[in-house]
Amino acid sequence: MDIDPLQVETLQPELFLFGETSAGTLELFPAVWAACEELVAPEMQVRQKGLEKLLALKAPRLSPLVTYILATRVTEPDHALRKLVASALADLLLVDSQGLAAPENVRRTLYTYLSQIRQPAILALLEISLSDADMETKLATLLNVCPEGGSILLEILSDRKNPLELRCQAVRLINRVGYLDTLPELEKLAARLESRSLGQQVMPFVPPASQSEQALLIEIQSALTSLRQP
């Protein structure tokens, strides 16, 4: 049945929410809008200024709309800015320094966005978590509310065209978040890698497993050991 779009009620996110979980003032509106415009500017320096202003105003924690705009920047081209974006988003899922959670509408907006992200966004996040324990923790916080995260990480892991470090990081995040639904595929992949290594030992003419495969196997075995624990 056709639906008349003019008769559908549209719920727009409130700019600021007030109550036990947040605080803000209406005087912040012009500054917030200006910073949001800067956040999507073509010039990296302008985007950086916009992001710094939004974070200084704590606007993402107060406004579902700003949260949404910030979430769309998880594929930000600049590596350093992408880190700031991911860190700010992860902080929205945690209590602040006063022990207060972000408003429900803010968290719900972020949950909804994260539930829809796909491989390009997760690849971009994996890149900034390499060799950075703090960012790995932040990314785990974000992926913990991403129901398709385990499946997407498996796709990244299984694609031999992806760099080894990203594939290994995908395994580590699967383990850290605790995606138990990935166990069957991880077991299959581990079995293939182990079979290749064993076959080379028994039949020396078989092409040896590469160092990258050995490194990946170690990561997968570690994840399997952890995920199988009660």
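The structure displayed is predicted, hence computed values, not measured ones.
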Interatomic spacing from CD in Glu148 to CD in Gln119 - rounded to 0.5 Å: 12.5 Å
Test Gln221 against Glu194 for side chain to side chain donor-acceptor pair (under 3.5 Å), laying out the working first. CA-CA 10 Å; Gln221 289 172 332; Glu194 290 168 350; 3.0 Å; yes
Donor-acceptor list for residues 172-181 side chains, cut-off 3.5 Å, not counting sequence neighbours:
unit_1, atom_1, unit_2, atom_2, d
Arg172, NE, Gln169, OE1, 2.8
Arg172, NH1, Glu219, OE2, 2.7
Arg172, NH2, Gln169, OE1, 3.0
Asn175, OD1, Ser226, OG, 2.9
Arg176, NH1, Glu136, OE2, 3.1
Arg176, NH2, Thr137, OG1, 2.6
Tyr179, OH, Leu143, O, 2.6
Tyr179, OH, Cys146, O, 3.3

N/O donor-acceptor pair under 3.5 Å between Thr109 side chain and Asn105 backbone: yes
Using 4.0 Å as the upper bound for N to carboxylate O, is an ion pair formed by Arg47 and Glu38? no
For Asp132, give me all partners under salt bridge (charged side-chain N to carboxylate O under 4.0 Å, His left out), at least two apart in sequence or on another chain. Lys83
Partner set under salt bridge (charged side-chain N to carboxylate O under 4.0 Å, His left out) for Asp91, not counting sequence neighbours: Lys138
Mind running side chain to side chain contact (heavy atoms under 4.5 Å, CB included) on Cys168 and Leu216 for me, showing each step along the way? CA-CA 6 Å; Cys168 288; Leu216 196 58; 3.9 Å; yes
Begin with the C-alpha distance, continue with both residues' side-chain angles, and end with the deciding distance and a verdict on side chain to side chain contact (heavy atoms under 4.5 Å, CB included) for Leu114 and Ile117. CA-CA 5 Å; Leu114 292 175; Ile117 63 173; 4.2 Å; yes
So, taking the atom named CG in Leu224 and the one named CG in Leu217, what distance separates them when rounded to the nearest 0.5 Å? 9.0 Å
Distance col, row Ser63:OG vs Lys58:NZ, nearest 0.5 angstrom, shows 15.5 Å
Would Leu55 and Val95 show up in the same hydrophobic cluster when neighbours are defined by side-chain heavy atoms closer than 4.5 Å? no
Short N-O contact, Glu104 and Arg107, less than 4.0 angstrom: no
Applying a strict under-4.5 Å side-chain criterion to I, L, V, M, F, W and Y, I'd like to know whether Ile218 and Leu130 cluster together. no
Approximate separation, where rounding is to 0.5 Å, of Ile156 CD1 and Leu166 CG: 7.5 Å
Do Tyr111 and Leu92 share a hydrophobic cluster (ILVMFWY, side-chain heavy atoms under 4.5 Å, transitive)? yes
Write down the atom of Ala59, the atom of Val32, and the distance for their closest heavy-atom approach. CB-CG2, 4.1 Å
Taken in chain and number order and not counting sequence neighbours, the residues that satisfy side chain to side chain donor-acceptor pair (under 3.5 Å) with Arg228 are Glu187
Any carboxylate oxygen within less than 4.0 angstrom of a Lys/Arg side-chain nitrogen, looking at Lys49 and Glu52? no
Is Arg82 reaching over with its side chain to a backbone N or O of Glu76, donor-acceptor style, under 3.5 angstrom? yes
Just so I know, are the side chains of Val145 and Ser115 near enough to count as touching, which here means a heavy-atom distance under 4.5 Å? no
Mind checking whether Leu126 and Leu153 have side chains closer than 4.5 Å, heavy atoms only? yes
What distance do Ile152 atom CD1 and Thr182 atom OG1 have between them, rounded to the nearest 0.5 Å? 13.0 Å
Side chain to side chain contact (heavy atoms under 4.5 Å, CB included) assessment of Leu51 paired with Leu70: CA-CA 8 Å; Leu51 178 58; Leu70 184 63; 3.6 Å; yes
Please assess Leu157 against Leu186 for the test side chain to side chain contact (heavy atoms under 4.5 Å, CB included), listing each intermediate value before the final yes or no. CA-CA 9 Å; Leu157 164 62; Leu186 285 179; 3.5 Å; yes
In this structure, CZ of Arg61 is separated from CG of Leu89 (nearest 0.5 Å) by 11.5 Å
If a pair satisfies ring-ring contact (aromatic ring centres under 6.0 Å, His included) and one of its residues is in residues 61-92, list it, with sequence neighbours excluded. Tyr68-Tyr113
Least distance between heavy atoms, Val106 atom then Pro60 atom: CG1-O, 3.6 Å
Could you list all the ring-ring contact (aromatic ring centres under 6.0 Å, His included) pairs where at least one residue sits in residues 137-171, not counting sequence neighbours? none
